[in-house]
Amino acid sequence: MHMNRINGNDLLAIGFTQGKILGLALEVLEKHYQDADRDMVLSMMKALAEKPELYLDHEILEDLATKMIEEASAPKDETIDLNVTAKEFAVYGQEHIDEGAVRQMNIAMRLPVTVAGALMPDAHQGYGLPIGGVLAAKNAVIPYGVGVDIGCRMALSIFDIPENHYFENHDFYKKELIAHTRFGAGHGFMRKERAEHAVLDRNEFNMTQFIKNLHDKAWSQLGSSGGGNHFVEWGIIEFSEEDKLLNIAAGRYLALLSHSGSRGLGATLAGHYTRLAKDICKLPKDAANLAYLDMNSEAGQEYWLAMNLAGDYASACHEVIHDKMAKAIGGQLLAKVENHHNFAWKEIWNGEEVIVHRKGATPAGKGVMGIIPGSMAAPGFLVRGKGEDLAINSASHGAGRQMSRTQATKNISHQEMKAILQENKVTLIGAGLDEAPMAYKDINVVMNAQKDLVDVVAKFTPKIVRMADDGSKED
DNA sequence: ATGTCC
């Protein structure tokens, strides 16, 4: 516990300014002055901010003082201009997409690094790049083009268990779902319950002090699901015909579907590197959140490694969940499919290597499998990409909202929600009105709008859904 | 999306 720990706001209050120096100063404080007297350290830092030259011979602050003098005398960053005209981009299901998302996409298409873009049929407004936005950039990566929940993904396990086994043992499956999943912002596992995974031994955790500090939280949250629209659910997957590639015969099977990301680790990394990008890459105000890092720069390479670490961590979380559940039910696995939808990839597009950002978009290269969920009461789909160039080999990552969280909480009643769950024979554990099926677009309409992007392989119908408890019900 | 720490 560091109740009196000096934070960024404290330093801003005594004369530090937003930027790289602030981060360095916080690192020095953490490393050398954690247990020192707060007032003493604050007055020393204040003096340093006013006259860094007095600290050039200081045992600990020498390096920081040097950098502050360099920074102060360096020429000021110039704003990078956007192109006057936006490059054209494909939009799928435009009639169901809000204007804000299209406006944001138009700004993204004016970045000097932009090669191509596309908007998926579940698109809506986000920070910087819209959710459901795909952007191919030349040798640059945009932290907010990936999103806050780095590596957020879907994972599906199909078991060799016929659907009637589920219907006959509903309570057992419900019990195991509750026993082996954990939800809620900030929630993780106590030391004795913690899972192990090779991702925790990854070298990238030692890359910087900032990442090192996130290791313990990452460990405690390994195998947890978080909040918002994240879920773990049992459902029935239906193959209307044999799938030779998966080697699955036509029929209905029990399946486990999960949706979650990189938890606190990814969120903290996303925030850190977005700040860094905004500090380095000054864009006009309406494009500020699209700040990018050069892939050849130290910051760009550091973000790339951190992003990949967060992605692999998110994958590990799903692996832990699916392993626990498979073990609990003792089922034989027929197939496992996984895809991330908040990430950046190096891909070849139109003959050149580009960085493809998918922020809430499913990779849909030719033959690439993905999962597009509907809602807790609507089916989701196992799909195969068609490799559509205009969509930059992408598809939607879900149905998309038709009501904001606030709107949904206001306009939907608990009775209405109960009725639609009953009608679809869905058992719900947790979740608030903001995740009600009516808050989402009709998944069939969305799938229709992306017929050129994916083929449907199988249909997944949710049966027992677990989400985070409704925030309003918590104390 | 995230224990609301730039």
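Throughout, a chain's letter reflects where its sequence line sits, starting with A, and its residues are numbered from 1.
- Going from atom CG of A:Leu26 over to atom C1' of B:dC6 covers 7 Å, rounded to whole Å.
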Only pairs under 3.5 Å count here: list side-chain donor-acceptor contacts from residues 64-74 of chain A, not counting sequence neighbours, and write none if there are none.
{"residue": "A:Thr66", "atom": "OG1", "partner": "A:Glu62", "partner atom": "O", "Å": "2.8"}
{"residue": "A:Lys67", "atom": "NZ", "partner": "A:Asp63", "partner atom": "OD2", "Å": "3.1"}
{"residue": "A:Ser73", "atom": "OG", "partner": "A:Ile69", "partner atom": "O", "Å": "3.1"}
{"residue": "A:Ser73", "atom": "OG", "partner": "A:Glu70", "partner atom": "O", "Å": "3.1"}

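- For the pair A:Arg191 and A:Asp216, the salt-bridge criterion is met [side-chain N within less than 4.0 Å of a carboxylate O].
- The separation between A:Asn213 atom CG and B:dC5 atom C1' is 12 Å, rounded to whole Å.
- Residues satisfying the ring pair (Phe, Tyr, Trp, His ring centres under 6.0 Å) test with A:Tyr440, not counting sequence neighbours, are none.
- At whole-Å resolution of the value, CZ in A:Arg275 and C1' in B:dT2 are 13 Å apart.
- A:Gln221 comes within 4.0 angstrom of sugar-phosphate atoms only, judged by non-hydrogen atoms across all strands, and of no base.
- Summarising the geometry, the separation between CG on A:Asn229 and P on B:dT2 is reported as 9 Å, rounded to the nearest angstrom.
- When the side chain to side chain contact (heavy atoms under 4.5 Å, CB included) test is applied to A:Lys51, the partners found at least two apart in sequence or on another chain are A:Glu53, A:Leu54.
- B:dC5 atom P lies 16 Å from atom CD1 of A:Ile6, rounded to whole Å.
- The nearest heavy atom of DNA chain B to A:Leu265 and to A:Gly8 marks one nucleotide each, and the one closer to the 5' end goes with A:Leu265.
- Residues in residues 219-228 of chain A take part in no salt bridge (charged side-chain N to carboxylate O under 4.0 Å, His left out) pair, two or more places apart or across chains.
- One atom, NE2 of A:His230, and another, P of B:dA1, lie 5 Å apart when rounded to the nearest Å.
- Counting any heavy atom pair closer than 4.0 Å across all strands shown, A:Gly228 reaches sugar-phosphate atoms only and no base atom.
- A:Asp149 places its CG atom 7 Å from the P atom of B:dA1, with the value rounded to the nearest Å.
- The two residues A:Leu119 and A:Met105 have their closest heavy-atom pair at CD1-SD, 3.9 Å.
- Whole-Å rounding puts the A:Glu27 CD to B:dC6 P distance at 14 Å.
- Within the nucleic acid shown, A:Gly227 comes within 4.0 Å of sugar-phosphate atoms alone, with no base atom in reach, counting heavy atoms only.
- Proximity of residues 309-324 of chain A to DNA chain B (heavy atom under 4.0 angstrom from any strand atom) is not detected for any residue.
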Donor-acceptor pairs under 3.5 Å, side chain of residues 369-381 of chain A to any protein atom, not counting sequence neighbours: which ones?
{"residue": "A:Ser375", "atom": "OG", "partner": "A:Ala377", "partner atom": "N", "Å": "3.3"}
{"residue": "A:Ser375", "atom": "OG", "partner": "A:Ala378", "partner atom": "N", "Å": "3.3"}

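- In terms of phosphate contacts, A:Asn342 brings no side-chain nitrogen or oxygen within less than 4.0 Å of OP1 or OP2 of B:dA1.
- The residue A:Asn7 sits close to a base: some heavy atom pair falls under 4.0 Å.
- In the set B:dA1, B:dG3, B:dC6, B:dA1 carries the atom at the smallest distance from any side-chain atom of A:Arg405.
- For A:Arg263 and B:dA1, the shortest distance from a side-chain N or O to OP1 or OP2 is not below 4.0 Å.
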